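Read through the structure below, which is laid out as structure tokens, and then see the notes.
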Amino acid sequence: MAIHYQRENRIFTLHTEHTTYQMKVDDFGFLLHLYYGSSISGDMDYLLTYYDRGFSGNPSDAGNDKTYSMDVLPQEYPVQGVGDYRNNALIIHNADDSDCCDLRYVSHEIKEGKYELPGLPAVYAPVEEAQTLEILLEDAVSGVRVKLLYGVLAREDIITRSAVITNCGKEEIVVEKAASSCLDFLTGDYDLLSFYGRHTMERNLQRAEIAHGSYVIGSRRGASSHQYNPAVILAEKGTTEEAGGCYGMLFVYSGNFLFQAEKDQYDQTRVIMGLHDEQFHYPLAKDESLIVPETILCYTDNGFSALSAKYHRCIREHICRGRYGRQSRPVLLNSWEAAYFDFSGETIVELAKGAAELGIDMVVMDDGWFGDRDDDDRGLGDWYVNEKKLGCTLRELIQKVNDAGVKFGIWIEPEMVSENSNLYRAHPDWAMQIPGRGPVRGRNQLMLDFSRKDVRELIFNQICAVLDQGNIEYVKWDMNRSIAEVYSAVNHPGKVTYDYVLGVYDFLEKLTQRYPDILIEGCSGGGGRFDAGMLYYTPQIWCSDNTDAVDRLRIQYGTSFFYPISAVGSHVSAVPNHQTGRCTSLHTRGVVAMAGTFGYELSTGKLTEEEKEEIKEQIRQYKRYSELIQNGSYYRLSNPFQDACAAWLFVAEDKKTALLNVVLLENHGNMTITYIKLNGLAADALYEDVETGKCYYGSALMRGGLPMPAEKKEYPAYQMEFRMVE
Ligand code: GLA
């Protein structure tokens, strides 16, 4: 049993293979947090201390006991209004206009299997591999009930947390803030690793000390955003890739989120992950509930590599669904950087023929095939095929592509509408706009109100009518702007940000059910909605609109802390690169794109014979390693934000094969030598470098490292396979 309850002292203990999580219901019925970290034995309530702390309020049940205060005690689900002045997980606005919710323990249940969250993505597992703890808390005055959910995947060292807030009182309440997880630490100094960025430069790593005060990241953009990813690591000082304690918090949600870290007056640390509290005022009538998206928690004392490995496994095995979860993905050729809006059916067929010649599996027809979408200022919402532009029907085009020997995929952006579209002319109120105010445009487009079922249904039917026209085996689902006007013609504005995301999930759920064999790739101007919520529906996401190999090294490095390689859409594009103007060799671009679901984004017609031969070899190479790349263990061997190289390694589960990848970033006169230290190998085993036949012990490669050549080249890349000598 991974979950224990001790009746005599009301202590709950969750055990995973290497970690323990403990909490306690105290004499007043408050749920206090006791411990989370490496496995321990015994009861940790001895850690709680009680002293008279000035200006820290005492709940009425404590009478004149000035030593009891919620302002100091570690808690599971801190609320506003009970004398805790730190950041809290829940704010309820009551019918009497007070903001208070005094949650006390009512009951609990321990269940086999992992809980599900209706309408929301969540970790799943076979019933025998997980357990659920539900703890019911209640505010006796308002009747608000909060069910805290804990999912324990013991073998994976994963604990998930969610909360269901139900109004069991008589009057309407408004949820003003709701988080799914809070971790309170009585001791320790921590660094926070977070992933910030911008369009075409997502998920840069930042490591900063959690100092006194509050540190906040989040998204107000309606999507999880390019700017801050809903994933953070709390690391003990000095933690490295290979050693040290670190906690991960990954929010399984694709909309507005809020993460807060705080070091308080007594040097205690509190971290909270949940829904953003701005533009969120969620009314709950009697008996209505709000489900807070879950946070996936994980702890390891073996450094960031070990933490990443656990998240990679969790996402691959317990988030991604459908046949593509573990299956090798097709190598695809996308039309966007090859032709942008300027293509005909003939262009796509030519790309297909070029793809077939090179060994590429699939051609994707990107933006521009529908309505009168010849530019980005029109056509969104009109999901009917522009047969005039294609010069044939979609069915005919797909047939021609299939006849060339490649699969066919297509791009859609269902959540959007152009003002210059038939849809907008017919239903202007379907776009999110505030009456009486001019629209805030993003990429010339408006957002459809996906919090509305009728809107979703019409778009769903339009999209299905397209997908039913032929053998479509892949869909790229895009979203190219942020929400600005949080407003709906029919829905309560305070519900819009949340209901919108649930609307997207509802649409995706229906789509995946109707087309279980279609591979869907998520996208939001590249990596603007790269999160675990989307990965529940789309097993891969276009990582960034930036295809420059050197920038991609950094973007993919940041992405790798939480997300597995199988989730990372990555393509080789033409040079000079369209985003940066930089030239890198085809080899370097290939090595970088192989740290993802591999593909191409260029015009095959412009390739020289020499380039074609190289691409054929790249594809053979990728296919040879695709299982190792997608499902093997991934190790970061350098930090490309600081080091003179980017290096990463894939190691097979049985450690018998490893693929080392290196790109050198610096090139100077009389160049110094870069040594790469490998990781994750069997220390005592002998490994052969397949190309040179040279043999090294695992321990030598990991401790001594491997010298890289000092070539007179810019951004040279090396890919070396090592095989264990039996
Ligand atoms: C977004 C995507 C691109 C491409 C364009 C099409 O920017 O990220 O890959 O699909 O839209 O408009």
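First listed ligand is number 1; within each ligand, the first listed atom is number 1. The structure presented is a predicted model; accordingly, all values stated were derived computationally and were not measured.
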For [atom], find the nearest protein heavy atom and state the residue, atom name and distance (0.1 Å precision).
atom: atom 7 (O) of ligand 1; value: Asp545 OD2, 2.8 Å
atom: atom 9 (O) of ligand 1; value: Lys476 NZ, 2.7 Å
atom: atom 11 (O) of ligand 1; value: Asp478 OD2, 2.9 Å
atom: atom 10 (O) of ligand 1; value: Asp366 OD1, 2.6 Å

Per-atom contacts, ligand 1 versus Asp367 - under 4.0 Å to a heavy atom: 6 (C), 12 (O)
Which of the numbered atoms in ligand 1 are under 4.0 angstrom from any heavy atom belonging to Gly526?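 Heavy-atom distances to Gly526 below 4.0 Å select 8 (O).
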Please determine whether any non-hydrogen atom of Glu337 lies less than 4.0 Å from an atom of ligand 1. no
If you measure from each heavy atom of Arg443 to ligand 1, is any distance below 4.0 Å?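 Distance cut 4.0 Å: Arg443 passes for ligand 1.
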Taking Gln445 as the fixed residue, which of Glu413, Arg378, Arg481 is the one that meets the side chain to side chain donor-acceptor pair (under 3.5 Å) rule? Glu413
For ligand 1, indicate whether the residue [X] contacts it via side chain, backbone, both or neither (heavy-atom separation under 4.0 Å).
X: Asn480; result: side chain
X: Glu413; result: neither
X: Asp376; result: neither

Less than 6.0 angstrom from the centroid, inside 45 degrees of the normal: does Lys407 satisfy that with respect to the ring of Tyr474?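 No, Lys407 and Tyr474 do not form such a contact.
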Has ligand 1 got any nitrogen or oxygen that is less than 3.5 angstrom from a nitrogen or oxygen of [X]?
X: Ser524; answer: no
X: Glu601; answer: no
X: Arg373; answer: no
X: Trp336; answer: no

Would you say that Leu446 contacts Arg441 through its side chain, given a criterion of any heavy-atom pair below 4.5 Å between the two side chains? yes
So, do Phe530 and Tyr563 have ring centers that fall under 6.0 Å from each other? yes
Would the distance check show the side chain of Asn480 and the main-chain N or O of Gly525 forming a donor-acceptor pair, the cut-off being under 3.5 Å?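 Looks like yes, one N/O pair under 3.5 Å.
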